[in-house]
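The structure displayed is predicted, hence computed values, not measured ones. Labels below follow one simple rule: chain letters A, B, ... track the order of the sequence lines, proteins then strands, and each chain is numbered from 1.
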There are 2 protein chains.
Amino acid sequence: MVAHSKCNRCMDRLCMHKVPILSSLDKEDLKKIMKLIRHHEYEKGEMLLFDKDAMNSVVIINEGTAKAYKNTPDGREQILYIFSEGDFFGEQNLFSNQAATYSVQALQPVKTCNLYRDQFQELLYKYPEIAVKIIGELGNRMTRLENALQSIGVRNVDNRIGSILLEFAQKYGTRDRMGTIIHLPFSREGVANYLGVARETVSRKFSQLENDGIIQSLNNKEILIPDMNKIEAIAGTN
Amino acid sequence: MVAHSKCNRCMDRLCMHKVPILSSLDKEDLKKIMKLIRHHEYEKGEMLLFDKDAMNSVVIINEGTAKAYKNTPDGREQILYIFSEGDFFGEQNLFSNQAATYSVQALQPVKTCNLYRDQFQELLYKYPEIAVKIIGELGNRMTRLENALQSIGVRNVDNRIGSILLEFAQKYGTRDRMGTIIHLPFSREGVANYLGVARETVSRKFSQLENDGIIQSLNNKEILIPDMNKIEAIAGTN
DNA sequence: CGGACCATTGATAATTGTCAAAATTCGTGG
DNA sequence: CCACGAATTTTGACAATTATCAATGGTCCG
């Protein structure tokens, strides 16, 4: 295998073509930028970022998933995002020297592409399209946060459980003739920390849903949903 | 008063100089853009935007405050943002045709400056600095949302009350030799909808804090805080 | 001064958190 | 491929917190 062909393979398999925000670059520039990118790999459970640490790069997830979370005053962790292929973080620190506002930990083996802040900034000034795409992506993420805030503000936990099942079905669900199978990105404790409730409460709610025949627990990380309409009914009008 | 001088006065008093995202424009361009801007006024209680409505402009708040909120399945409203002078909304819809994701209602008399989507887009391509500023501003707003999500995920309502008091002290507080006076942007019901708890719970918690000598209610919308450190202690480690 | 609106307080019910024990699942190594 | 131990999850009982409903008390404004 020649070095050059390996390099092309890189370009296809690494960040470039996976990351929407870079997809407007032409081949020439892609090559230039490729040289600036540093790669990192993390094992499951490893930390990609600690809350309050200084940051100097924008990190793009190339493979795997990671959770972003904050530690709450009462000692839990509140999960904010689940990053997967093509997502990025560190952009908040692009134009200020503020420290990280959350921690990021790998949920699976993760590969990242990192770009130093200064270099990324240059990119933005050179390609307004990239900035425009980032604005669009940040908009999506904000909408997600706004929904989460609405959802977590709902006092009825049943609604919240319904919402999270809908969300996960969209992101991690596969269709089957039995129904929809959700591959949960994390354990029950993760679900609890995403919802902002106690682990045991999640267990109880899931058990109840299983008794009612609305979901079926295949194993700790897979759930079968025969009829998605019933979940929507539980989630309420969203 | 001559028309021309009035116009200059406009430039000073209207959006241009109040809005950080436009402040990088030179005078020439400011003038051009001024012609594109349409102004609106709203009375207290009037709606600036309805959730799920189509949008075609970016709206910049020039005077007054407004709340952005979503209706929850259980019939409450969850407040997401309090917009004041210099804040903007509608940017999510800049590059997609998605409908509004929240409602916006005036808390006081409000004046806005509106820019049509297409025209705003052109601005972004012409001035990458504006896009960069918007990214920065969106980053700030996301950080605020992330904090809110963390805060509301905390099961201990006392912590949450503490957090909101800290936040409001920063945004709406004035120093006094008696301590800090917070001018609440809205009623108890508003506070409750911001926190995601029942109105009565807010009353009870405030009463309790007053009994403990930590706050002093001057009237329905003003609170005196003699010692901010005690509030920080209640909010917990943030 | 009066009326409408908003805030407070009380009593009770419902929900969820907490702690502890039992059951299940998962991964590893034989 | 099975078995074992560790980790995670489920379940139960109880305590704590908050929502709800209803009535009272205040405040603001014309």
[X] [atom1] to [N] [atom2], straight-line distance once rounded to whole Å:
X	N	atom1	atom2	value
A/Glu222	C/dT25	CD	P	13 Å
A/Lys44	D/dA7	NZ	P	13 Å
B/Leu184	C/dC6	CG	P	15 Å
B/Arg199	C/dG10	CZ	P	17 Å
A/Glu189	C/dT18	CD	C1'	14 Å
B/Glu210	C/dA7	CD	P	14 Å
B/Asn193	C/dC6	CG	C1'	14 Å
B/Ile215	C/dA7	CD1	P	14 Å

Given C/dT8, is OP1 or OP2 found less than 4.0 Å from the side-chain N or O atoms of B/Arg188?
yes
Is the NZ or CZ atom of B/Arg141 both under 6.0 Å from the centre of the six-membered ring of B/Phe88 and within 45° of that ring's axis?
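Here B/Arg141 passes the 6.0 Å and 45° test against B/Phe88.
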Name all pairs fulfilling the salt bridge (Lys or Arg N to Asp or Glu O under 4.0 Å) condition that reach into residues 160-170 of chain B, sequence neighbours left out, sorted by first residue then second.
B/Arg144-B/Glu167
What's B/Ser203 touching, base or sugar-phosphate or nothing? Going by heavy atoms closer than 4.0 Å.
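Base: the residue B/Ser203, judged by heavy atoms under 4.0 Å, touches a nucleobase.
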Can you give one letter per nucleotide of nucleotides 16-30 of chain D, going 5' to 3': B for a protein heavy atom under 4.0 Å from the base, S for sugar-phosphate only, - for none?
--SSBB------S--
Qualifying residues under side-chain contact (heavy atoms from CB on, under 4.5 Å), relative to B/Asp227, sequence neighbours excluded
B/Asn229, B/Lys230
Would you please name every residue forming a side-chain contact (heavy atoms from CB on, under 4.5 Å) with B/Asp51, sequence neighbours left out?
B/Ser103
Determine all donor-acceptor pairs shorter than 3.5 Å in which one atom belongs to a side chain in residues 78-86 of chain B; sequence neighbours excluded.
{"residue": "B/Gln78", "atom": "OE1", "partner": "B/Arg76", "partner atom": "NH2", "Å": "3.3"}
{"residue": "B/Gln78", "atom": "NE2", "partner": "B/Asn193", "partner atom": "O", "Å": "3.2"}
{"residue": "B/Gln78", "atom": "NE2", "partner": "B/Tyr194", "partner atom": "O", "Å": "3.2"}
{"residue": "B/Tyr81", "atom": "OH", "partner": "A/Glu146", "partner atom": "OE2", "Å": "2.6"}

Pairing residues for A/Lys67 by the salt bridge (Lys or Arg N to Asp or Glu O under 4.0 Å) criterion, not counting sequence neighbours
A/Glu77
Divergence of helical axes at both termini of the helix from C/dC1-D/dG30 to C/dG30-D/dC1 - five pairs an end, 10° steps:
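The helix from C/dC1-D/dG30 to C/dG30-D/dC1 shows an end-to-end axis angle of 50°.
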Restricting to side-chain hydrogen bond (donor to acceptor under 3.5 Å, both in side chains), what partner residues turn up for A/Asp87, sequence neighbours left out?
none
Check: B/Gln105 side chain, B/Gly45 main-chain N or O, donor-acceptor pair, under 3.5 Å
yes
Side-chain atoms of residues 202-225 of chain B: list all donor-acceptor pairs with protein atoms under 3.5 Å, sequence neighbours left out, distances to 0.1 Å.
{"residue": "B/Lys205", "atom": "NZ", "partner": "B/Asp158", "partner atom": "OD1", "Å": "3.1"}
{"residue": "B/Ser207", "atom": "OG", "partner": "B/Ser203", "partner atom": "O", "Å": "2.9"}
{"residue": "B/Glu210", "atom": "OE2", "partner": "B/Ser217", "partner atom": "N", "Å": "3.0"}
{"residue": "B/Asn219", "atom": "OD1", "partner": "B/Lys221", "partner atom": "N", "Å": "2.9"}
{"residue": "B/Asn219", "atom": "OD1", "partner": "B/Glu222", "partner atom": "N", "Å": "3.1"}
{"residue": "B/Asn219", "atom": "ND2", "partner": "B/Glu222", "partner atom": "OE1", "Å": "3.2"}
{"residue": "B/Glu222", "atom": "OE2", "partner": "B/His183", "partner atom": "ND1", "Å": "2.8"}

